[in-house]
**Q** 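Encoded as structure tokens, here's the structure I'll be asking about.
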Amino acid sequence: MGIVTRFAPSPTGYLHIGGARTALFNWLYARANGGKFLLRIEDTDRERSTDAATQAIFEGLKWLGLNWDDEAYSQFARKDRHAEIAHAMLGSGHAYKCYATKEDIEAFRASPEGKYGSFQSPWRGADPATAPDAPYVIRLKAPRDGVMEITDEVQGRVKWKSAEFDDMILLRSDGTPTYMLAVVVDDHDMGVTHIIRGDDHLINAGRQSLIYHAMGWDVPVFAHIPLIFGDDGKKLSKRHGATGAQEYRAMGYLPEAMRNYLARLGWSHGDDELFTTAQAIEWFDLSGINKAPSRFDFKKLDNVSKHHIETAPDDVLIAGLQDYISSQDREPLSEDAIEKLKTVLPIVRERSKKLPDLLDKSRFILQARPFAPDENDAKHLNSVFNGILKRLTPQLAQVTTWSKEELETLFRDFAQTEGLGLGKIAQPMKVVLSGTTKSPSTFDMMAALGKDETLARIKDTLATM
RNA sequence: GGUCCCUUCGUCUAUCGGUUAGGACAUCUGGUUUUCAACCAGGAAAGAGGGGUUCAACUCCCCUAGGGACUACCA
């Protein structure tokens with residue numbers, strides 16, 4: 001039987017980075033085993049679910065490259081099927097109608113015994129003949145004794161006394177299903193074989209097993225993965241930086257880097273730190289998932305990001321750049337800009353951590369002359385350098401082989417005859433060429449710019465000094 | 001409160017009874033350099049605490065402490 005995994009977020013907000021990792025694990029596991037990765041929107045809570053949130057989740061997953069198989073399922077759309085199962089359980093005696101009102105339950109909770117135990121419906125064993133003509137919910141008739149045990153691929157064997165579970169509501173008084181019922185029915189109908197989800201659902205695995213057993217369905221394999229915390233060990237929140245997957249897009253991380261970092265957070269394959277998505281798919285296994293929660297570390301993310309920016313193919317980088325730019329609501333790069341960018345990618349990608357760094361470093365090739373130097377770097381263009389530039393320019397004009405190596409040799413020789421360190425000349429030259437010293441290597445820039453453009457920029461500078 | 005889960009360097013982690021407890025990020029020191037959020041070399045840094053089991057425990061068991069989840073007609 002083929003493997004089927006699923007990601008089942010509720011559409012009440014953007015795609016949380018923790019949810020994104022859960023989705024990634026499910027996706028990785030399905031892809032690693034030639035199975036299917038399904039997406040189901042848990043929208044049975046009509047109060048809190050919104051279309052905008054659903055779209056945000058789609059967008060987040062797409063950005064991360066976690067493509068799902070089939071159409072996304074809507075849990076709400078399947079409510080009739082859920083009700084059907086609830087009634088089937090009623091018929092088989094695994095569930096019963098409960099006429100207790102919300103007020104009854106609240107009163108119970110407020111009472112002394114309500115502090116300890118969960119609500120025990122008086123209708124559990126009641127004679128149907130005594131039933132009032134009033135709204136009711138359908139509750140599961142949970143076993144009162146025995147032990148419920150599950151085997152979790154991450155947590156191992158976990159068991160509870162059945163008495164721990166209350167008679168949970170399956171169908172609300174308005175006829176809509178609760179989450180507990182809906183997940184089980186949907187996972188069963190969708191043929192889900194492996195449920196990989198946050199360990200906040202661990203106890204639910206026990207509860208849900210009750211329903212599987214009642215229906216005589218096969219219980220899927222569970223894998224409850226620990227949560228992601230902020231760097232202080234507290235629940236990840238806005239305070240720690242970004243919690244939404246899309247925010248990472250806006251910060252300029254490559255999806256490939258996010259997949260790498262997120263996969264490594266809570267999962268490991270020996271000492272491998274930096275890997276491609278193809279490798280992750282090849283290596284991914286449930287046994288590599290850690291049981292302890294992990295903390296989100298931006299410094300490490302940056303390091304992973306840097307590696308992917310260094311190694312990504314040009315077209316991936318360009319696509320990432322365009323995507324980043326659109327996330328900033330800026331005009332996309334023109335064909336001309338892309339062509340220019342491609343010529344300098346080899347020299348700007350090496351020292352960049354994030355996508356915007358690439359843009360900053362490429363400024364010299366993208367900006368048209370003449371341009372003014374940055375305020376902080378204008379000081380390099382002083383009178384001393386003016387003299388140096390005037391003596392250097394004729395030599396530059398005579399260069400026949402305009403290459404990085406030739407240029408560097410020329411500069412070194414020139415610096416020597418001037419009795420200066422190379423930095424005294426190369427550094428201000430950066431300002432001439434790019435307007436700032438925070439730029440790629442002087443010689444890389446000159447080579448990329450070409451002789452004519454270089455000379456023209458020198459001329460521009462001389463004219464303003 | 002109850003039930004369940006978790007606990008190796010600051011952080012992410014390797015180890016699956018026998019290792020000088022390894023790697024990565026961060027950090028520190030030195031070097032290199034035309035800027036640096038770059039590079040090179042080196043250093044410091046960990047099994048929460050206490051009991052067992054065993055020839056041998058980070059690894060298995062128990063207790064304690066700390067952290068977390070759940071305890072809805074939310075998902």
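Because the structure is predicted, anything quoted here is derived from the model rather than measured. Below, chains carry the letters A, B, ... as their sequence lines are ordered, and counting in each starts from 1.
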**Q** Round to a whole Å and report the spacing from CH2 of A:Trp160 to P of B:A69.
**A**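 Spelled out: CH2 on A:Trp160 to P on B:A69 is 17 Å.
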
**Q** Looking for any heavy atom pair under 4.0 Å, which part of the strands does A:Arg207 touch: base, sugar-phosphate only, or nothing?
**A**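 Here A:Arg207 touches the backbone only, sparing every base.
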
**Q** Compare the minimum distances between each of B:A75, B:C36, B:U34 and the side chain of A:Arg351, then state the nucleotide with the smallest one.
**A**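 Nearest to the side chain of A:Arg351 among the choices is B:C36.
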
**Q** Is A:Lys353 touching bases, backbone alone, or none of the nucleic acid, heavy atoms closer than 4.0 Å?
**A**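 A:Lys353: backbone/sugar contact only, no base atoms under 4.0 Å.
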
**Q** Give one of base, sugar-phosphate or nothing for A:Ala415, where a contact means two heavy atoms less than 4.0 Å apart.
**A**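 It contacts nothing in the nucleic acid.
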
**Q** Check the distance between B:C73's P and A:Met168's CE and give it to me in whole angstrom.
**A**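 Rounded to whole Å, this separation is 12 Å.
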
**Q** Would you say the side chains of A:Asp285 and A:Tyr29 form a donor-acceptor pair under 3.5 Å?
**A**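 On atom types as modelled, these side chains do not qualify, holding no pair under 3.5 Å.
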
**Q** Could you work out the separation of B:C25 and B:C40 based on their P atoms and round it to a whole Å?
**A**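 Pairwise P distance, B:C25 against B:C40, rounds to 10 Å.
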
**Q** Measure the distance from NZ on A:Lys379 to C1' on B:U35 and round it to the nearest whole Å.
**A**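 These atoms are roughly 11 Å apart.
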
**Q** Check every strand shown and say whether A:His201 touches a base, only sugar-phosphate, or nothing at a heavy-atom separation below 4.0 Å.
**A**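 Here A:His201 touches the bases of the nucleic acid.
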
**Q** Quick one: label A:Val137 by what it contacts on the DNA or RNA (base, sugar-phosphate, nothing), any heavy atom closer than 4.0 Å.
**A**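 The answer is base, as A:Val137 lies within the cut-off (heavy atoms under 4.0 Å) of a base atom.
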
**Q** Which value, in whole Å, describes the distance between the C1' atoms of nucleotides B:A69 and B:G23?
**A**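 It works out to 31 Å between them.
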
**Q** Only one of A:Asp187, A:Asp186, A:Asn26 forms a side-chain hydrogen bond (donor to acceptor under 3.5 Å, both in side chains) with A:Arg6, so which one is it?
**A**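 When A:Asp187, A:Asp186, A:Asn26 are each tested with A:Arg6, the side-chain hydrogen bond (donor to acceptor under 3.5 Å, both in side chains) holds only for A:Asp187.
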
**Q** Would you indicate, yes or no, if B:C73 has its OP1 or OP2 atom less than 4.0 angstrom from a side-chain nitrogen or oxygen of A:Lys102?
**A**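 No, A:Lys102 has no side-chain N/O under 4.0 Å of OP1/OP2 on B:C73.
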
**Q** Any chance the rings of A:Phe25 and A:Phe284 have centres within less than 6.0 Å?
**A**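 They qualify: ring centres under 6.0 Å apart.
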
**Q** Would you mind telling me which of A:Tyr261, A:Phe296, A:Tyr14 makes a ring pair (Phe, Tyr, Trp, His ring centres under 6.0 Å) with A:Tyr248?
**A**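 Among the candidates, only A:Phe296 passes.
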
**Q** If you measure from the P atom in B:C28 to the same atom in B:U64, how many Å do you get, rounded?
**A**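 Those two atoms are separated by 42 Å.
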
**Q** In the strands shown, is B:U53 matched to any nucleotide by a Watson-Crick or G-U wobble pair with both distances under 3.5 Å, and which?
**A**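 Looking at the geometry, B:U53 pairs with no nucleotide.
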
**Q** Contact class for A:Lys430 (heavy atom, under 4.0 Å): base, sugar-phosphate, or nothing?
**A**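 Base: the residue A:Lys430, judged by heavy atoms under 4.0 Å, touches a nucleobase.
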
**Q** Taking the same atom, P, in B:C58 and in B:G66, what whole-Å distance lies between them?
**A**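 To the nearest whole Å, 24 Å.
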
**Q** Strictly under 4.0 angstrom, non-hydrogen atoms only: write out the protein contact profile of nucleotides 11-25 of chain B, one letter per nucleotide from the 5' end, B, S or -.
**A** SBSS-------BBBS

**Q** Does a side-chain N or O from A:Thr44 land closer than 4.0 Å to OP1 or OP2 of B:A75, or not?
**A**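 True: A:Thr44 side-chain N/O within range (under 4.0 Å) of B:A75 OP1/OP2.
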
**Q** Among residues two or more places apart or on two chains, list those pairs meeting ring-ring contact (aromatic ring centres under 6.0 Å, His included) that have a residue in residues 155-178 of chain A.
**A**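 Qualifying pairs: A:Trp160-A:Phe165.
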
**Q** Name the nucleic acid region contacted by A:Arg349, choosing base, sugar-phosphate or nothing; use a 4.0 angstrom heavy-atom cut-off, strictly under.
**A**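 The residue A:Arg349 makes no contact with any strand.
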
**Q** For B:U19 versus B:G10, give the span between their P atoms, rounded off to a whole number of Å.
**A**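 It comes out at 23 Å once rounded to the nearest Å.
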
**Q** What does A:Met429 touch in the nucleic acid at a heavy-atom separation under 4.0 angstrom: a base, only the sugar-phosphate, or nothing?
**A**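 If one applies the 4.0 Å heavy-atom cut-off, A:Met429 turns out to touch nothing in the nucleic acid.
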
**Q** Any side-chain donor paired with an acceptor under 3.5 Å for A:Asp104 and A:Thr101?
**A**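 Checked: A:Asp104/A:Thr101 side chains pair up, N/O donor to acceptor below 3.5 Å.
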
**Q** Need to verify one output field. Residue with the more 5' nearest nucleotide on RNA chain B, A:Thr442 or A:Lys161?
**A**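 Between the two, 5'-proximity favours A:Lys161.
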
**Q** Between B:G2, B:C73, B:U34, which nucleotide gets closest to the side-chain atoms of A:Arg412?
**A**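 Of the candidates, B:U34 comes closest.
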
**Q** Whole-Å distance between B:U34 P and A:Leu410 CG?
**A**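 Between P of B:U34 and CG of A:Leu410: 16 Å.
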
**Q** Does B:C39 have OP1 or OP2 under 4.0 Å away from a side-chain N or O of A:Lys306?
**A**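 Answer is yes, contact under 4.0 Å.
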
**Q** Are any of the side-chain nitrogens in A:Arg78 or A:Asp189 under 4.0 Å away from the carboxylate oxygens of its partner?
**A**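 Yes, charged N to carboxylate O under 4.0 Å.
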
**Q** Whole angstroms only, please: what is the CZ-P distance between A:Phe222 and B:C5?
**A**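 My rounded result for the distance is 15 Å.
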
**Q** So how far is it from A:Met446 CE to A:Ser403 OG, rounded to the nearest 0.5 Å?
**A**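 OG of A:Ser403 is found 10.5 Å from CE of A:Met446.
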
**Q** Heavy-atom nearest nucleotide on RNA chain B for A:Thr437 versus A:Lys235: which residue maps closer to 5'?
**A**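 Final value for this comparison: A:Thr437.
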
**Q** Assess whether salt bridge (charged side-chain N to carboxylate O under 4.0 Å, His left out) is satisfied between A:Asp357 and A:Lys438, documenting all intermediate values.
**A** CA-CA 11 Å; A:Asp357 299 345; A:Lys438 295 268 171 63; over 6 Å; no

**Q** Is there a Watson-Crick or G-U wobble partner for B:C39 with both distances under 3.5 Å, and if so, which one is it?
**A**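 Pairing partner: B:G31.
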
**Q** In the structure shown, which nucleotide is the Watson-Crick or G-U wobble counterpart of B:G1, with both distances under 3.5 Å?
**A**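 Across any shown strand, B:G1 pairs with B:U71.
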
**Q** Return the value, rounded to whole Å, for the distance between atom CG of A:Leu381 and atom C1' of B:U35.
**A**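 Taking atom C1' of B:U35 as the reference, CG of A:Leu381 is at 14 Å.
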
**Q** Rounded to whole Å, please give me the gap between NZ in A:Lys159 and P in B:G2.
**A**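 Taking atom P of B:G2 as the reference, NZ of A:Lys159 is at 21 Å.
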
**Q** Kindly determine whether A:Trp68 and A:Phe58 satisfy ring pair (Phe, Tyr, Trp, His ring centres under 6.0 Å), including the steps that lead there.
**A** CA-CA 10 Å; A:Trp68 56 94; A:Phe58 287 167; 5.3 Å; yes

**Q** Which part of the nucleic acid, if any, lies within contact of A:Leu422, taking any heavy atom under 4.0 Å across all strands shown: a base, the sugar-phosphate backbone alone, or nothing?
**A**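 Counting heavy atoms under 4.0 Å across all strands, the contact made by A:Leu422 includes a base.
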
**Q** Between B:U3, B:A75, B:G68, which nucleotide gets closest to the side-chain atoms of A:Lys234?
**A**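 Taking heavy atoms from C-beta onward, the closest nucleotide is B:G68.
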
**Q** Quick check for you: among B:A75, B:U34, B:C73, whose closest atom lies nearest to any side-chain atom of A:Asn204?
**A**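 Nearest nucleotide to the side chain: B:A75.
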
**Q** In plain terms, say whether A:Glu42 and A:Arg40 are close enough for a salt bridge, that is, a side-chain N and a carboxylate O under 4.0 Å apart.
**A**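 A salt bridge links A:Glu42 with A:Arg40.
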
**Q** What integer distance in Å separates A:Asp302:CG from B:C36:C1'?
**A**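 Going from A:Asp302 (CG) to B:C36 (C1'), I get 15 Å.
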
**Q** Rounded to whole angstrom, note down the P distance from B:G67 over to B:A72.
**A**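 Comparing P positions in B:G67 and B:A72 gives a spacing of 23 Å.
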
**Q** Rounding to an integer number of angstrom, what distance separates B:A46 and B:U32 when you compare their C1' atoms?
**A**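 It comes out at 33 Å once rounded to the nearest Å.
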
**Q** If we call it a pair only when both distances are under 3.5 Å in a Watson-Crick or G-U wobble match, what pairs with B:G17?
**A**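 Checking every strand shown, B:G17 finds no partner, since no pair has both distances under 3.5 Å.
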
**Q** Please measure how far the C1' atom in B:G68 lies from the corresponding atom in B:U33, and state the result in whole Å.
**A**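 These two C1' atoms come out 48 Å apart once rounded.
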
**Q** Measuring from the side chain of A:Ile203 (C-beta onward, heavy atoms only), which nucleotide among B:U3, B:C39, B:A75 has the closest atom?
**A**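 For A:Ile203, the side-chain atoms sit closest to B:U3.
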
**Q** Taking the side chain of A:Arg109 as its heavy atoms from C-beta onward, which of B:A72, B:A75, B:C5 lies nearest to it?
**A**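 Per side-chain heavy atoms of A:Arg109, the pick is B:A72.
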
